Amino acid sequence: MNSHKDKIYTTKDKAYALISAVNGVFFVIASIKGDNNLYSYSIASSIFTSLFLYLGNRTKYESKKPLVFTSRAKRLYGISMGLVAADFLIVLLLVKLFLKDVTDYFPLWAGILSVVYYFCSYYMAGAIYIANPLEKNINQKYYTVASNKIKSMKNVKSIGITGSYGKTSTKFFSATILSEKYKVLNTPESYNTPMGISKIINNDLDENFDIFIAELGATKVGDIDEVAKLTNPEIGIITSIGPCHLETFKSIDNIMRTKYELIENLPDDGVAIFNYDNEYVKKLADKTFKEKILYGIENIEDTDVFATDIKVSSKGSTFSLCINGLGTIECETRLLGAHNIHNILAGAAIAKVMGLTLQEIKMGISKIESVEHRLQLIDPGTGVIVIDDAFNSNPDGAKAALDVLDSFKDNRKIIVTPGMVELGEIEEKENEKFGENIAKVCDIAILVGKKRTTPIYNGLKRKTFNEDNLYVVNSLDEASELMKTLTKVGDVVLFENDLPDTYNEK
C-alpha cells in the first residue's frame with residue numbers, strides 16, 4: 001500500500017499554468033483596448049509556454065507503480081472532459097451574447113479560457129463530486145456480490161490479516177507455507193481495501209482453492225469491520241499495532257479498537273492469532289476469550305509458537321521453530337532481519353491451525369521470498385548492493401532496516417530516505433530518533449527534502465555525524481544522480497521509507 005498524497009501539479013506545471021493565466025489576462029486586455037503589441041506578446045508567450053509544456057510532458061521516468069486506467073478513472077476522465085466542454089461552450093455563448101462577431105474577438109474568449117486553465121484541477125474535483133453517488137452504488141454492488149460469494153463457498157477457509165505493519169509480508173509468507181499442503185489464493189501486493197479485495201474475490205476466487213488470505217487495511221475506525229464482514233474470516237491475525245496513520249486515527253487506542261474489529265468478526269469457533277511481543281497486541285490478546293494462538297520471540301514462556309537460537313546475517317537467518325503440540329524443528333530463511341521471523345511465526349501459527357506437519361512448515365519457510373520494497377535485497381551486478389525498504393514507514397520497521405544494514409560488517413553503508421510520515425504529533429520526535437540511529441550505522445546519509453527531513457538532520461547532528469557525508473536533495477531523481485558519483489564497488493545502499501515518484505521539494 002503508499003500513504004502520501006501526490007500534488008495535482010508539480011512546481012513546473014504550476015509555473016506553466018500561471019504563465020498561461022497571465023497570457024489570458026493579456027489577451028482579454030488586448031481585446032478590450034485593441035492593442036496589437038499586447039496581442040503579439042501574448043501570442044508569442046503562449047506559443048513558447050505550450051512548447052515547453054509539451055516537451056516537459058514528454059519527459060519519461062520510471063514510476064514504482066505503472067499507471068492503470070481503470071473503469072473508475074475512465075468515468076472520472078469522461079466527466080471532467082464533459083465539464084471542460086461545458087465550460088468552453090458557456091464562455092463561447094457569453095462572448096457571443098455580448099459581442100456581435102465572435103471571430104473578431106477570438107483573443108477575448110481564448111484569453112478567458114487561458115485563465116480557466118490555471119484552475120483546471122477543479123474540473124477533476126468537480127468530476128469526483130458528480131461521480132461520487134454513482135461510484136458508491138457501483139462499489140456497493142461489487143462488495144455485496146463478493147461477500148455473498150465467499151460466504152457461499154463452504155470449502156474455502158478464509159483468513160484475515162491486519163496490523164499497523166507486517167501484514168503484507170505475513171500474508172505472502174503464510175501463503176507460501178500453506179501452499180505446501182493446500183491451494184491458496186491471497187490478495188496481491190497491498191490490496192487491502194473493500195474494492196481491491198472484492199475484485200479478487202469476484203474475479204479470481206473459485207472452488208478450486210482451499211484457502212483465501214486477505215490483508216485488511218484501515219485508516220480510520222470502522223474500516224476493519226467493513227472488510228472483515230466482506231471476507232468472512234475464520235482465522236484472524238493481528239501482526240502489530242503502532243503509530244501508523246496516526247494523523248487519521250488520532251490515537252493508539254483508536255488503532256487498537258479498529259484492529260480488534262477483525263477478532264470481533266470471527267465466528268464463535270474461529271481462531272485468533274496474536275503477536276504477543278507487541279505491547280498493544282498483547283493487551284488485545286489478554287482480553288480475548290475465543291480460541292487463540294500467541295506467537296513471539298521475547299515472551300516465549302507465554303506463547304504457543306516461538307523461535308529460539310536465532311542467528312541473523314546479511315545472507316539470511318536460521319532459528320529453531322517451536323510449536324506447542326507439534327515439537328521443534330531447525331529452520332532457515334533467506335529473508336533479512338530478525339523482525340521477519342515474527343512474520344514467519346504468524347504463518348507457522350496459521351499452519352498449525354490448518355494441520356501442517358513440522359516438516360511441511362520447515363519446507364515452506366525455506367521457500368519464502370522477500371516481498372518487493374520490503375527489505376528486498378537487490379544485486380544489480382554493479383558491485384553495489386541495494387536494500388529496497390521503500391514501502392516501510394514506521395519506527396520499528398525503520399530500526400529493523402538499520403539493523404539489517406548494520407549486519408553488512410565489511411561494507412560502506414549508505415541510506416537514502418525522506419523519513420517517516422503520518423505519525424501525527426510524534427512524527428518529528430520519531431524522525432529525530434531515526435536520525436540518531438542512522439548516525440550509529442551509516443557512513444553516508446542522503447536526505448530527500450530539506451524541510452521534511454529537518455528532524456532527521458537534527459538527530460544526525462546531535463550524534464556528531466560527519467557533515468561531509470551528509471547530503472540533502474529535493475527529489476529521488478536527484479538522489480539517484482548523486483549516488484552515481486558517490487557509490488563504489490562494495491557499498492550497500494538502503495532505500496528507506498517512501499515518497500511519490502513526482503515528489504520534488506522546491
Side-chain angles (χ1 to χ4, degrees), residues 1-3 65-79 127-164 167-172 174-175 178 182-239 245 248 258-267 270 350 371-372 391:
M1 322 145 89
N2 193 306
S3 58
K65 286 190 176 181
L67 175 65
V68 178
F69 212 47
T70 63
S71 297
R72 180 173 183 267
K74 291 176 183 176
R75 289 192 293 271
L76 290 175
Y77 181 77
I79 294 172
I128 293 171
Y129 179 79
I130 293 170
N132 192 47
L134 173 64
E135 296 301 328
K136 282 186 176 179
N137 288 335
I138 293 173
N139 291 347
Q140 186 59 48
K141 173 187 172 184
Y142 287 126
Y143 178 98
T144 302
V145 170
S147 180
N148 291 337
K149 179 180 179 180
I150 196 168
K151 287 174 183 175
S152 69
M153 303 176 77
K154 303 301 182 183
N155 295 326
V156 176
K157 180 77 74 173
S158 179
I159 299 171
I161 301 174
T162 192
S164 297
K167 53 186 177 291
T168 302
S169 296
T170 298
K171 173 182 65 180
F172 285 113
S174 301
L178 293 171
Y182 299 104
K183 187 170 182 182
V184 182
L185 175 67
N186 56 265
T187 51
E189 300 175 336
S190 295
Y191 276 53
N192 57 26
T193 63
M195 287 305 97
I197 297 171
S198 294
K199 179 181 178 181
I200 301 305
I201 294 173
N202 288 329
N203 296 347
D204 302 330
L205 185 62
D206 58 43
E207 295 287 357
N208 291 321
F209 291 100
D210 303 303
I211 296 173
F212 175 64
I213 305 177
E215 172 187 342
L216 312 182
T219 57
K220 63 183 185 301
V221 174
D223 281 355
I224 297 298
D225 182 66
E226 182 180 11
V227 283
K229 283 182 168 56
L230 165 65
T231 56
N232 195 36
E234 298 166 74
I235 301 173
I237 303 96
I238 301 181
T239 62
H245 300 302
T248 54
T258 303
K259 300 305 179 185
Y260 199 70
E261 289 168 1
L262 169 58
I263 309 304
E264 291 172 334
N265 275 280
L266 295 177
I350 300 172
V371 180
E372 189 176 15
F391 277 9

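Note that the structure is a prediction, hence the values are computed from the model and not measured. Along the sequence shown, residues carry numbers from 1.
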- Item | Y143 to S198 - nearest heavy-atom pair and separation | CA-OG, 3.6 Å

- Query: Residues two or more places apart in sequence or in another chain: which of them pass side chain to side chain contact (heavy atoms under 4.5 Å, CB included) with N148?
  - Reply: T144

- Message: Quick check against the 3.5 Å criterion: does K171 have a side-chain atom that pairs as donor or acceptor with the backbone of E189?
- Response: yes

- Task: Without swapping roles, check the side chain of N155 against the backbone of E207 for a donor-acceptor pair under 3.5 Å.
- Result: no

- Message: Considering only residues two or more places apart or on different chains, which pairs with a residue in residues 127-139 satisfy side-chain hydrogen bond (donor to acceptor under 3.5 Å, both in side chains)?
- Response: R75-E135

- Query: In a check of side chain to side chain contact (heavy atoms under 4.5 Å, CB included) between I211 and each of I159, V156, I350, which one passes?
  - Reply: I159

- Task: Applying side chain to side chain donor-acceptor pair (under 3.5 Å), name anything that partners N186, two or more places apart in sequence or on another chain.
- Result: none

- Rounded distance [0.5 Å steps], CG in N232 versus OG in S152: 10.0 Å

- Between Y142 (side chain) and N202 (backbone), is there a donor-acceptor pair under 3.5 Å? no

- Mind checking what makes side chain to side chain contact (heavy atoms under 4.5 Å, CB included) contact with K220, not counting sequence neighbours? D223

- Note on the structure: Those residues at least two apart in sequence (or on a different chain) that pass side chain to side chain donor-acceptor pair (under 3.5 Å) with T239 are none

- Message: Using the rule given for side-chain contact (heavy atoms from CB on, under 4.5 Å), can you reason through D204 versus F212, listing the C-alpha separation, both sets of side-chain angles and the distance that settles it, and then say yes or no?
- Response: CA-CA 10 Å; D204 302 330; F212 175 64; over 6 Å; no

- Apply side chain to side chain donor-acceptor pair (under 3.5 Å) to S158 and list each qualifying residue two or more places apart in sequence or on a separate chain. none

- Message: To check you understand the geometry: which heavy-atom pair defines the closest contact between L266 and I235, and what is its length?
- Response: CD2-C, 3.8 Å

- Task: Sequence neighbours left out, what passes side chain to side chain donor-acceptor pair (under 3.5 Å) with T170? Give chain and number order.
- Result: N343

- Side-chain touch N192/T168, heavy atoms, less than 4.5 angstrom: no

- Message: Test of understanding: with salt bridge (Lys or Arg N to Asp or Glu O under 4.0 Å), list the residues that count as partners of K229, not counting sequence neighbours.
- Response: D225

- How many angstroms lie between atom CD1 of I224 and atom CD1 of I238, to the nearest 0.5 angstrom? 9.0 Å

- From T231, L178, L185, residue fulfilling side chain to side chain contact (heavy atoms under 4.5 Å, CB included) relative to I213: L178

- Flag, side chain of T162 to backbone of K259, donor-acceptor distance under 3.5 Å: no

- side chain to side chain contact (heavy atoms under 4.5 Å, CB included) with K183: which residues, sequence neighbours excluded? N208, F209, D210

- Where M153 and D206 come nearest, the two heavy atoms and their spacing: CE-C, 3.1 Å

- Note on the structure: Taken in chain and number order and not counting sequence neighbours, the residues that satisfy side chain to side chain contact (heavy atoms under 4.5 Å, CB included) with N203 are K199

- Task: Consider only side-chain N and O atoms of E215 and T187, and report whether a donor and an acceptor are under 3.5 Å apart.
- Result: no

- Nearest heavy-atom pair of L262 and P233: which atoms, and what distance? CD1-CG, 3.7 Å

- Under the salt bridge (Lys or Arg N to Asp or Glu O under 4.0 Å) rule, what pairs show up with a residue in residues 138-160, not counting sequence neighbours? K157-E234

